[in-house]
Amino acid sequence: MRGCTLLGRSRGGSRARRKSLRWPQSRDNATWLSVAHPGLGEFYLRGWGPFFERAPQKKFWLGFIPLFGWPGYLQAKSIYDVRKCRTYDDLWSWH
């Protein structure tokens, strides 16, 4: 199992500081969650928590549209993103 190293902002100050966060979640688990529904893998990599703050809203809600969401484009996009340790909600960029 390989985890993701994400860059985050420090909570304690006004200036952004880069720090490496080591999540105990694995990409394999996140991949299977993305297979279940688009956006769940990203939500898992972010450490669950408040849904509207951490879950990718576009991927999750558009994931209910047949053939675009699940199964379909967004499911593949979500799987690709979690394999690259990406947690943002961009629907179209594959790089």
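Taking the side-chain hydrogen bond (donor to acceptor under 3.5 Å, both in side chains) definition, one finds that Trp61 meets it with Gln57, sequence neighbours left out. Pro66 meets the side chain to side chain contact (heavy atoms under 4.5 Å, CB included) test with no other residue; sequence neighbours excluded.
When all heavy atoms are compared, the tightest approach of Pro56 to Asp89 is CB-OD1, 3.3 Å. Pairing each heavy atom of Tyr80 with each of Trp94, the nearest pair is OH-O, 2.9 Å. Counting all heavy atoms, side chain and backbone alike, Asp81 lies closest to Asp90 at OD2-O, 4.2 Å. Scanning all heavy atoms of the two residues, the minimum distance from Asn29 to Tyr44 falls at ND2-OH, 3.2 Å.
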For residues 36-43, which side-chain donor-acceptor pairs fall under 3.5 Å, sequence neighbours excluded?
unit_1	atom_1	unit_2	atom_2	d
His37	NE2	Phe60	O	2.9
Glu42	OE1	Ser78	OG	2.9
Glu42	OE2	Lys59	NZ	2.7
Glu42	OE2	Ser78	OG	3.3

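Put simply, the side chain of Asp28 reaches to within 4.5 Å of the side chain of Arg83, judged on heavy atoms.
If you take OG1 on Thr87 and CZ on Arg46, they are separated by 4.0 Å, rounding to the nearest 0.5 Å. Once rounded to the nearest 0.5 Å, the distance linking CG of Leu74 with CD1 of Ile79 reads 11.0 Å.
Trp70 contributes no side-chain N or O that, together with a main-chain N or O of Ser34, makes up a donor-acceptor pair within less than 3.5 Å. In terms of modelled atom types and a separation under 3.5 Å, the side chain of Lys77 and the main chain of Ser93 share a donor-acceptor contact.
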Verify side-chain contact (heavy atoms from CB on, under 4.5 Å) between Val82 and Arg27, making sure each step is shown before the conclusion. CA-CA 6 Å; Val82 298; Arg27 285 188 291 180; 6.0 Å; no
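Hydrophobic clustering (ILVMFWY, side-chain heavy atoms < 4.5 Å, transitive): Ile65 and Trp92 are in one cluster. Under a hydrophobic clustering in which Ile, Leu, Val, Met, Phe, Trp and Tyr are joined whenever their side-chain heavy atoms come within less than 4.5 Å, directly or via other members, Phe52 and Leu33 fall into the same cluster.
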